[in-house]
Amino acid sequence: MVAAVIGIAFFEGRRPETVPLVLTPSAASVPTVAEPTPTPGPLRVYVSGAVQHPDVYLLPPGSIVKDALLVAGGTITEADLVSINLAHAVADGEQVHVPRIGESPVRLPSVEPLVPEKVNVNSADLAALEALPGIGPELAQRILDYRQAHGSFARIEDLLDVPGIGPESWRRSGRKLRLTRSEL
């Protein structure tokens, strides 16, 4: 029994002392915080005609006619879906009219996306640039890429240095653009 007590005391004395573990994050593991981008607001779309519940609905950006019909409860059995484009992207303030079979399609005025009076080319996001006449998604991205690589535009005419922007797109969108003095 004495040998057992001596053995336990011997092994207990050889047990290493516990040391608290302290973790410190390295600079490489600290996540960077990206600047938030503006979230576009919902689209207001009036759904009328051969649908279950005609009304004005709020739809998320990027919605198509089919989405508008679904939020309106779907179509009624007399709906003429062949005469409308279910894949058409809807715009804010647009009316989607579903004719009944045999009804002449209603020609609605086309709705252009709402564009502010002037767009600041040095601070505009992708959506604001896309909405400009003659720009669209591809040129809008090129403008952002150019601005990222070269910094703010000093003159509106410097947009002609962006690949793909020529005299025609410049003519159509140039009068809708502006610069602010603080960005020069």
Side-chain angles (χ1 to χ4, degrees), residues 34-101 103-148 152-153 156 159-160 162-180 182-183:
E35 288 294 318
T37 56
T39 303
L43 306 174
R44 295 167 305 224
V45 178
Y46 175 43
V47 184
S48 64
V51 294
Q52 295 292 333
H53 307 287
D55 205 346
V56 175
Y57 293 96
L58 295 177
L59 297 171
S63 294
I64 59 175
V65 168
K66 183 177 180 179
D67 300 325
L69 299 183
L70 290 173
V71 298
T75 58
I76 60 175
T77 56
E78 298 86 21
D80 182 7
L81 294 177
V82 175
S83 66
I84 61 173
N85 180 358
L86 295 173
H88 172 75
V90 295
D92 189 34
E94 187 171 8
Q95 179 178 358
V96 173
H97 181 78
V98 181
R100 288 176 166 72
I101 295 173
E103 178 185 336
S104 297
V106 177
R107 281 281 169 212
L108 301 172
S110 67
V111 175
E112 295 203 15
L114 298 176
V115 179
E117 189 174 311
K118 294 270 187 175
V119 173
N120 186 338
V121 71
N122 283 330
S123 62
D125 64 358
L126 185 67
L129 292 170
E130 268 184 50
L132 289 167
I135 298 297
E138 189 174 326
L139 285 179
Q141 186 59 54
R142 286 184 190 170
I143 292 169
L144 292 179
D145 292 343
Y146 188 89
R147 193 172 70 197
Q148 180 73 27
S152 295
F153 294 94
I156 295 289
L159 274 170
L160 290 168
V162 175
I165 295 186
E168 180 60 24
S169 52
W170 167 252
R171 183 189 62 74
R172 291 177 22 204
S173 62
R175 65 180 174 255
K176 295 279 189 182
L177 298 171
R178 69 177 170 87
L179 295 174
T180 59
S182 64
E183 295 168 346

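In what follows, residues are counted from 1 in the order of the sequence shown. For the numbers below, each heavy atom of this structure counts, side chains included, while hydrogens, waters and symmetry mates do not.
Between Leu144 and Tyr146 there is no side-chain heavy-atom pair separated by less than 4.5 Å. Contact annotation: the side chain of Arg100 approaches that of Ile76 to within less than 4.5 Å [non-hydrogen atoms, C-beta and beyond]. A 4.5 Å side-chain heavy-atom check between Glu103 and Asp80 finds every atom pair outside the cut-off. Using a 4.5 Å heavy-atom threshold, the side chains of Val90 and Ile64 count as separate. Within the 4.5 Å cutoff, side-chain heavy atoms of Phe153 are placed close to those of Leu159. Counting heavy atoms from C-beta on, the side chains of Val162 and Leu139 never come closer than 4.5 Å. Under the 4.5 Å side-chain criterion, counting only non-hydrogen atoms from C-beta, Val98 is in contact with Leu81. For the pair Ile165/Arg142, no side-chain contact is recorded, criterion being any heavy-atom separation below 4.5 Å from C-beta on.
Distance check, rounded to the nearest 0.5 Å: CG of Asn120 to CG of Asp125 gives 11.5 Å. Within the model, atoms CG of Leu69 and OH of Tyr57 stand 10.5 Å from one another, a figure rounded to the nearest 0.5 Å. Taking OG from Ser63 and CG from Asp92, the interatomic distance works out to 11.0 Å, rounded to the nearest 0.5 Å.
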Residues Arg44, Leu58; criterion side-chain contact (heavy atoms from CB on, under 4.5 Å); working and verdict: CA-CA 5 Å; Arg44 295 167 305 224; Leu58 295 177; 3.4 Å; yes
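Under 3.5 Å, the side chains of Gln52 and Thr75 contain no donor-acceptor pair of N or O atoms.
Taking every heavy atom of both residues into account, Ser123 and Arg147 meet most closely at N-NH1, 3.5 Å. Here the shortest heavy-atom pairing between Val45 and Ala91 reads CG2-O, 4.0 Å. Of all the heavy atoms in Ala140 and Leu126, the pair that sits closest is CB-CD1, 3.6 Å.
Under a 3.5 Å cut-off, the side chain of Gln148 and the backbone N or O of Asp145 do not form any donor-acceptor pair.
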